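The structure under discussion appears below in the form of structure tokens.
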Number of protein chains: 2
Amino acid sequence: MPHARGDFEQMWRDLAPVGRSAASGGYHRQPWTAAETELRSWFVEECAARGLTVETDGIGNQVAWWGDADLPGVLTGSHLDSVLDGGAYDGPLGVVSALAAVDVLRDRGFEPTRPVGIGVFVEEEGSRFGRACLGSRLVTGATTWDDARELRDRDGVFLADAIVDAGLDPSAGLLSLDRVGTFVELHVEQGRDLVDRGVPVGLASEIWPHGRWRFDFAGEANHAGTTRMEDRRDPMLTYAMTALAANKQARLAGQRATFGRVAVEPNGTNAVPSLVTAWLDARASSDAALADLVDAVARQGSDRAARDGTSLAVTPESVSGSVAFDADLAARLAALGDRPVIPTQAGHDAGILSAAGIPTAMVFVRNPTGVSHSPAEHAETADCLAGVEALADVLAELTGAGA
Amino acid sequence: MPHARGDFEQMWRDLAPVGRSAASGGYHRQPWTAAETELRSWFVEECAARGLTVETDGIGNQVAWWGDADLPGVLTGSHLDSVLDGGAYDGPLGVVSALAAVDVLRDRGFEPTRPVGIGVFVEEEGSRFGRACLGSRLVTGATTWDDARELRDRDGVFLADAIVDAGLDPSAGLLSLDRVGTFVELHVEQGRDLVDRGVPVGLASEIWPHGRWRFDFAGEANHAGTTRMEDRRDPMLTYAMTALAANKQARLAGQRATFGRVAVEPNGTNAVPSLVTAWLDARASSDAALADLVDAVARQGSDRAARDGTSLAVTPESVSGSVAFDADLAARLAALGDRPVIPTQAGHDAGILSAAGIPTAMVFVRNPTGVSHSPAEHAETADCLAGVEALADVLAELTGAGA
């Protein structure tokens, strides 16, 4: 497939510099920033080069359709935004592979009997407004605009203002999913399941339930030198104990709990903090186990707060229940290439569309280290190209003459 | 003293809005910002209203002299900058009281036989460039300009650029201390010693040795959902345990250890951090005890790092040895009003000048709650006016006919 390889590698080179930190090599492609606007333009150009016209909705979700049959179509794609200082693959691999898969199908002389859509959802990572999969949540109605419009970024900018600043118009409406009969998202794997199995490509069975909870630990600011230790109400101590408790709780139960984001007020070296806000990312194998995990962490934090003279308030920011992808669809697509069907602990737009009742599948591409959300995130080109071929096979299966 | 009361209260009202956060009521008077520039202009105007001319040095330290005798003079004053979201009193009370004390002396018809200087030192809190007492350190040579010029603020701005942006010229030279025979700094007390003793004003005996150490906890960024707990190298855990250990260590020994400032990379909710940087503020009753305290915290942090697969690097940023103020001077000034002589754990420019060999005294004004470095910091007006009277007595003692 010299064409597919050439297209894939050229697209990958074109994307490489956008939003890249020279210091870390990681990516800062936060939604509605200059970097993301550049990525949106890149997507329009790539589609135009393929004779496809992109619709961009009022918040920046994008779709381009190949074929205009009246039958329900198959949407494929992913997202282009990154976590803060993230990797190159999480998101863009699915968009680039979707474009390359169309190239492969055309090289094969394939003519779809149902339309194939290539889509990009905004703010999948929630890195700017804290709500993961915000674009697909709004499109499916899982989150309403009235709820989302209250969101602010770390600088206090309201969501609507950020969108307008990026040259978009939130009142222009959201992408319609009316034409989407099936959604297929290709994604770099974010664990080592495929490495352990020694295969480059797999299908997803389920997404663990997961969510984000804001923990506000409130105490009393005071002088770090003159205030006796026993006279303090130091919320940093309550936070520190809670972070250790969360780790232990998740470790013992084979679950996941992480405090990766912290904001301290006033955050001065010589002041006992008045407020420590930390965000818990928690994931578990069932909805009940997730609720138990978060309850246990919150309870241990509150117990410690009572001893520290501080207080703890826990606010859920986004919680996604267990997602079981369409098992028949996964089995059918896995059989195309004898590919394993594996679970993931990572949230995806595919989980949001699946929860909205759209038959959905995910294609995973092997990640040699399992590392993601990091500049070190990686996939071998040969595996990426195998992913493109697999995605082309899937699209052919779902939109070919027999579909 | 209707004149002194009127002047004091008017000055206090004039300063109240400068750099004040409407949300918290706290002050953000970081050095070389618009708020601090406004305070510097205010000081020039207040001195001019008293017929005194202010010299401002290349970095923003200021002094105005009353009387021009050739004899060594007495400098009094403090600083106008604040910690982040700090109180109104820490610093400004000493400057306003110095101006008001001159008013009191003039009302008394006092004629100094030695010059009286009113001074303001910049960046006492180290809230912007991390080096406490930077202005007085540079003036005394405790810190060299070659060392200081490498400092950057949280936004990466170099010290020299910040100073130039504030309309100053660092190459214009530093304040000379040649005329300073004695330094007297009035300050709000930052503990409850005077409350416990039931007196409004006291003198300082000593400053505990204290310092700031940067703790860099390095690990590996990774996905918060897909990375198994046992596969992580999470520096947040190492930090959390170290923060708890520091608290315990200081509590058991009657010392002080605080982690009040934290910066996390990449600080994303769904990413295990790659780096947690936290600053330890530590204070102890002797130089040896302080070294032992910091060593113990660093050792416990390193032990935990070995278990977490992370690393810890500890860098001292500013360390001030024990300061014993001139005991004879303190006793003589205390005797003027039967005032107690008490220690403090807080660093001050007075400590820097004392360490540079200048006979130095501090006057403390009662703080009803002991709270400082907080919007809740407070002193009653009656106590502040008692402080002005006490400072006037001290200046009369040190510059009067018998001095």
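Since the structure is predicted, the reported quantities are computational estimates derived from the model, not experimental observations. Note on naming: letters A, B, ... go to the chains in the order of the sequence lines (proteins, then strands), and numbering restarts at 1 for each one.
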Top residue by heavy-atom pair count (under 4.5 Å) with chain A, among B:G191, B:G126, B:S24, B:A271?
-> B:A271

Identify the residue among B:R256, B:Q345, B:H373 that makes a side-chain contact (heavy atoms from CB on, under 4.5 Å) with A:H223.
-> B:H373

B:M229 side, atom CE; A:Q255 side, atom CD - distance, nearest 0.5 Å = 10.0 Å

Quick one: do the A:R192 and B:T226 side chains pair a donor with an acceptor below 3.5 Å?
-> no

Of the backbone (N, CA, C, O) and the side chain (C-beta and beyond), which part of A:D193 lies under 4.5 Å from a heavy atom of chain B, both, or neither?
-> neither

B:N247, B:V83, B:D231: which one forms the most heavy-atom pairs within less than 4.5 Å of chain A?
-> B:N247

Of all of B:E317, B:M236, B:H28, which one pairs up most often with chain A through heavy atoms under 4.5 Å apart?
-> B:M236

Measure B:S274 against the heavy atoms of chain A and call it side chain, backbone, both or neither at under 4.5 Å.
-> neither

Could you check if a side-chain atom of B:V264 sits within less than 4.5 angstrom of a side-chain atom of A:R261, using non-hydrogen atoms only?
-> no

With a 4.5 angstrom heavy-atom cut-off, which part of B:R228 approaches chain A: side chain, backbone, both or neither?
-> both

Give, for atom OG of A:S127 and atom CG of B:N267, the distance between the pair rounded to the nearest 0.5 Å.
-> 11.5 Å

Under a 4.5 Å heavy-atom cutoff, which of A:H210, A:E230, A:E125 has the most pairs with chain B?
-> A:E125

Top contributor to chain B contacts, counting heavy-atom pairs under 4.5 Å, from A:P266, A:A263, A:G26 | A:P266

So, the part of A:R154 with a heavy atom under 4.5 Å from chain B: the answer is side chain

How many angstroms lie between CG in A:L237 and CZ in B:F259, if you round to the nearest 0.5 Å?
-> 10.5 Å

Could you have a look at B:T227, B:T242, B:D85, B:N270 and say which one has the most heavy-atom pairs with chain A under 4.5 angstrom?
-> B:N270

Smallest heavy-atom separation, A:N222 atom then B:V371 atom, equals OD1-CA, 3.4 Å

When A:A250, A:P273, A:A278, A:A224 are compared by non-hydrogen pairs under 4.5 Å with chain B, the top option = A:A224

Taking every non-hydrogen atom, the tightest pair across B:A240 and A:A243 | CB-CB, 4.3 Å

Given the options A:A257, A:G87, A:G86, which has more heavy-atom pairs under 4.5 Å with chain B than any of the others?
-> A:A257

Identify which part of A:R304 has an atom lying under 4.5 Å from any heavy atom of chain B, answering side chain, backbone, both or neither.
-> side chain

Identify the two heavy atoms, one from A:A221 and one from B:S374, that lie closest to each other, and give their separation to 0.1 Å.
-> O-CB, 3.4 Å

Under a 4.5 Å cut-off applied to non-hydrogen side-chain atoms, are A:T258 and B:T269 in contact?
-> no

Between B:E189, B:E377, B:R212, B:R251, which has the largest tally of heavy atom pairs under 4.5 Å with chain A?
-> B:R212

Beyond-backbone contact of B:L84 with A:E265, side-chain heavy atoms, under 4.5 angstrom | no

Please flag which part of A:E220 lies under 4.5 Å from any non-hydrogen atom of chain B: side chain, backbone, both or neither.
-> side chain

